[in-house]
Number of protein chains: 2
Amino acid sequence: MASPDRIHPAWLPPEAFRAIGSRRTLVLGDGLLAGTVHDEVAEACARYGGHVRRGAEDGPYDLVLALTTADGLPGVAGEVRPGSAIGAEGYLLARRDGVTVVLADDPAGLLYGLFHVVRLGERAFAGERQAERHRPAMRRRMLDHWDNVDVHPVTGQVERGYAGGSIFWRNGAPRGDLARVRAYARLLAACGVNAISVNNVNVRATEARLLTDRLGDVAAIADVVRPYGIRVHLSVSFASPVVLGGQASADPLDEGVRKWWARVTERVYDAIPDFGGYVVKADSEGEPGPFAYGRDHADGANLLAEALEPFGGVVHWRAFVYDHRQDWRDRSTDRARAAYDNFAPLDGRFRDNVILQVKHGPIDFQVREPVSPVIAAMPATRLAVELQVTQEYTGQQRHVCHLPPMWREVLGFRPWGPDGTAVADIAAGAAGDGGGLVGVSNVGDDPYWTGHPLAQANLYAFGRLAWAPSTDPAAILDEWIDLTFAPTARGDTKPAATGETGPAATGETEPLRRTLHAIMDDSWRTYERYTAPLGVGFMVRPGHHYGPDVDGYEYTPWGTYHFADRDGVGVDRTRATGTGFTGQYPPPWSEVYESLDRCPDELLLFFHHVPYGHVLHSGSTVIQHIYDTHFEGAEQAAEARRRWEEAAGLFDPDLHARVKELFDEQVRCAEEWRDQINAYFFRKSGVPDVRGRRIP
Amino acid sequence: MASPDRIHPAWLPPEAFRAIGSRRTLVLGDGLLAGTVHDEVAEACARYGGHVRRGAEDGPYDLVLALTTADGLPGVAGEVRPGSAIGAEGYLLARRDGVTVVLADDPAGLLYGLFHVVRLGERAFAGERQAERHRPAMRRRMLDHWDNVDVHPVTGQVERGYAGGSIFWRNGAPRGDLARVRAYARLLAACGVNAISVNNVNVRATEARLLTDRLGDVAAIADVVRPYGIRVHLSVSFASPVVLGGQASADPLDEGVRKWWARVTERVYDAIPDFGGYVVKADSEGEPGPFAYGRDHADGANLLAEALEPFGGVVHWRAFVYDHRQDWRDRSTDRARAAYDNFAPLDGRFRDNVILQVKHGPIDFQVREPVSPVIAAMPATRLAVELQVTQEYTGQQRHVCHLPPMWREVLGFRPWGPDGTAVADIAAGAAGDGGGLVGVSNVGDDPYWTGHPLAQANLYAFGRLAWAPSTDPAAILDEWIDLTFAPTARGDTKPAATGETGPAATGETEPLRRTLHAIMDDSWRTYERYTAPLGVGFMVRPGHHYGPDVDGYEYTPWGTYHFADRDGVGVDRTRATGTGFTGQYPPPWSEVYESLDRCPDELLLFFHHVPYGHVLHSGSTVIQHIYDTHFEGAEQAAEARRRWEEAAGLFDPDLHARVKELFDEQVRCAEEWRDQINAYFFRKSGVPDVRGRRIP
């Protein structure tokens, strides 16, 4: 479908609009986004023969998309008008008397309602449908791009990017392909994302200037994404007053610095009235920050928040702060503790428009980590949870690693136990005023957007989970399959099914769907099996983080150790004998993680150093678990490749060929992981595999 | 002495010419190099008040430098004329009746004789001196520069260079600083080097063109170094006929290819009549070679040799060929075997002007390796022994690692036992027609030439050992000290000593000399102690090769393993149970290395896999030896720093400061080595240090 010079449509192929495009639609309401809704429908109608009207012309209509505030809602539409507010960005969907109605309080809601109808396809126009309200759980559903304007000699253009160059920037200047940016915005709107930051959190010289003399480049992006309800944010350097403004200092308590930020920010809003705000990585891995002036992170974040406040902007202040020059000999220092130790004491000191952006785990996007204790530790702070859509430690978009099941676990985790609030609720905020969900983008200028075509599903699911965090990942995968491989997969060519979004299987599409579920549903756990057992992390090649190197980070300053010796492995993070990290959790988890008996198997080595013979809840020993999971994981990767090869006839040949090629690398790499990990631990432990398999 | 914008004079400071420059000298003989001799003396006289004449003017003279063929040798000079040939590049030195006489059969010999007089200083003009003949052991004494014309994004400009950029090239073009090239040639002549190759053996697109349309750049260098008796060689790509010549193939048996090389080579000699020849790395680490055409290395080398033969040029064909995509799981493949397996069967098939260039050890310039068995395996082939002056695996010119003691061991090694020929004799050739000695240069555009000022001594000693391989390294170090820190060190300001070159200690210079010997003499073994025990290699950070990473190469395709497990460590290369590599040596070494009892301690783990409790000849166990040497090595590095710091007043402050700074890094790094190696092996073996020292 996508030749190198053609961009794959991802989950918005023209066929996804067939049901709408062949119908009669009325769009009622004003505003930029209502216009987008109209134009989307009009484009579909031009292809499929339907028509669309704006304003109160006579029907009949099959679909009415209207603002609740619109004058003259026709017939059925007027009747389903709700008694109370639908809410920001929300929509109401109903079908009665052969008319499908989407109502919203604001144009953004209309746009999201439209995409809901797109997801439903023919099902949107069948039978009756009780009024149902939809509104996003998170106010901000944001993607951070770690894109550089310049191509960096070591990290490339997109830091931790595995899908080619930036869609925003070419080396040193805007890329100029605004059609692609528009297509991207449209894809994001269709999965619910409403904010993007357009440059790397490690802000270098050229990128720093996006805040000032190169602001026009950012405004050009904002203009293109605005019709899709997306606001633009900018990563800025904390040292901007010095490096851009010629100030003597960037001290957050300095009056001149405050004025500088106020002045600069005012100019930003002159150019981009709906500008989202600043993203800041400060005092982290060498980036400048308030520590240089003896100030703390609250001082730093509040400085920027004050400048943004008059315009409704926010600061995303990252909590990813730790000592990256740790002495590996010192076992008392624990990088897992760092975010909590740095930020928990500051709870309550941040201004209202500061959002503390917390990585979901305490270390750094490993395939398995506990949930960060910071998330439960700062009730008086707006927290955003940061996920990594780009697969830095999870196969770099050369491996299938479908992440929504991991994210679902994170979002559903309840720090105070089964009766307490879930992580998703904290991010959403009790009054809908939480920090929301942030994902590090996996998108580049690759024709398939994400390098690995199946990695599109991670991007799609990120948006959908940000909108509705308790959705079953398998159901989201079905949505993605339906849209991406529509109409075949969705069965629009068959008589319309009457179910909701979700599997609308037909005899024809079922093999494709089965193949993708078989390959993707459990792929995160498969990746975990052949890479990192029991919560051990960072057994990767240093620098690029691809492929195994068990001791690659063991004797380094990065604070990422497994402490394997001939007797055992794991990091003792207990209060009793270890670093005390377990004490950063509230009960019951402070007790569960502390206890060797109660700690979940999959996190055992994250919290405890145990002998290789330690018996897991599963009944296996640690060493046998290592062997078993690595043999099993590599076999599962090979099995996934077999499934994919068998399904050749079900997919576009180009897409199939690319995935097939990537599977070859995945299987090779999985075997490499299996053999290196098993060889390493066999050499160290001397314990043979009870099943007598070959360990090299 | 050397500020950043000033180039350090290395071993030719003006003061080194004081003795000559204050005397009356006659230079007799024609030719370019006789002119150089005259000009050198004239320059010294201009500074120190002596004078120099050419032609048979009346004396008296203190020094006569004359060709044996010159007409009208005056008085004493005529009397010492030898009865037989002195030989190419050689000279005769005598002193009688107050006249010091240097005679040579060719102008190059005069030049080397002049530098001998420089080394002697005042001692050249004291007392009587019986006629002594000097001639180089090796016909070719060559430095290979791994310099790129372009700056490579990963490997930089000088591959494995630790002294800045190239002195020949700036990024993409000649550097244009011919004065620096001239100064370099002069330094090389003063230590006896007579050939350089001017570009990296990994030949990329720009560098390939030096052979053809950019040949003028090479000719310009040749013109500058020629007056110092140095011939220029060029690294060429075996694929040149394809990449430069538009030929369909580079097949060595293809008539068109042969003609292409003949034509191109003729043009090279048109531009550079004394061009030395080609250096080729073929079918190695991805470089093109004859294998692509089903031909072998003899076919490949002979192709180029045939083209060079009419002009007296040679091919240096590197024997560094191995499988760099080895499966680490396969313990039967042994990279150490590769050069022998590839080349020994070809003995006798190479044309006379092919020089097979063999790294001194079977792997790759590790701090400790046995001598390559290839050197004893090809009696019908001209072999050059390749040493690495640049400190890739020996501290990268941030550590003091004085290499001549290692080289002396290599050159003195007798593959057939105590009564057999030594490596140096093989390289020299029975009839003086051997391949000679080749060193990979450690020079860059750094003001001190070599990054670490004390690394100059390695470069100096390389030339001196190529000239006279059995010289005691400590005596060469004395020469270097005398020249570099002259006149203070050489005592020229004192009444002249009467000894030969070598320690001419005075009360004043002895502390400086003692300091340098204390720091440098044993520094190679110190480096070995804190890095690689008992012949284990490659426990370095992958890629850049600096600092420890015990498993860094253990699970890679590079063929560089130690196979450490909880029970033991080392590579079984025996015939009885291992890879059979020991069988590549003739007796007695085939038996000595095969035998666990007889194998020298320092190579034990190169040849055998042994338990940690194995008792060495030294009486220590392997594991205790690891601990002891690492504690000791790090302590010796610290002690060397202390010695250097105490000697602050003895050295130029800039030089002292630079070395001091480098010592800080050396000590830090040595401690890192100590702790990582000890921790790794303690974790693996579980054996505590008998002395109870802290192992982290």
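In what follows, chains carry the letters A, B, and so on, assigned in the order in which the sequence lines appear, proteins first and then strands, with residues in each chain numbered from 1.
Residues B:D549 and A:D551 approach most closely at OD1-O, 4.5 Å, considering heavy atoms. Closest non-hydrogen pair, A:R541 versus B:Y555, comes out as NH2-O, 4.0 Å.
In summary, A:R329 and B:D675 engage in a salt bridge, as defined by a charged side-chain N under 4.0 Å from a carboxylate O.
A:E661 CD: 12 or fewer foreign heavy atoms inside a 6.0 Å radius. For CZ of B:R693, the number of neighbouring non-hydrogen atoms (other residues, nucleotides, ligands) closer than 6.0 Å is greater than 12.
Options B:P696, B:P542, B:G552 differ in how many heavy-atom pairs under 4.5 Å they form with chain A, and the most are formed by B:P696. Of all the listed residues (A:P153, A:G686, A:S685), the one sharing the greatest number of non-hydrogen pairs under 4.5 Å with chain B is A:S685.
Here the side chains of A:V687 and B:R566 are not in contact, with every heavy-atom distance at 4.5 Å or above.
Both the sub-6.0 Å distance and the 45° axial angle are satisfied by B:K684 relative to the ring of A:Y680.
With a 4.5 Å cut-off on non-hydrogen atoms, B:A679 touches chain A through its backbone and its side chain both. For B:E672, the parts sitting under 4.5 Å from any heavy atom of chain A are the backbone and the side chain alike.
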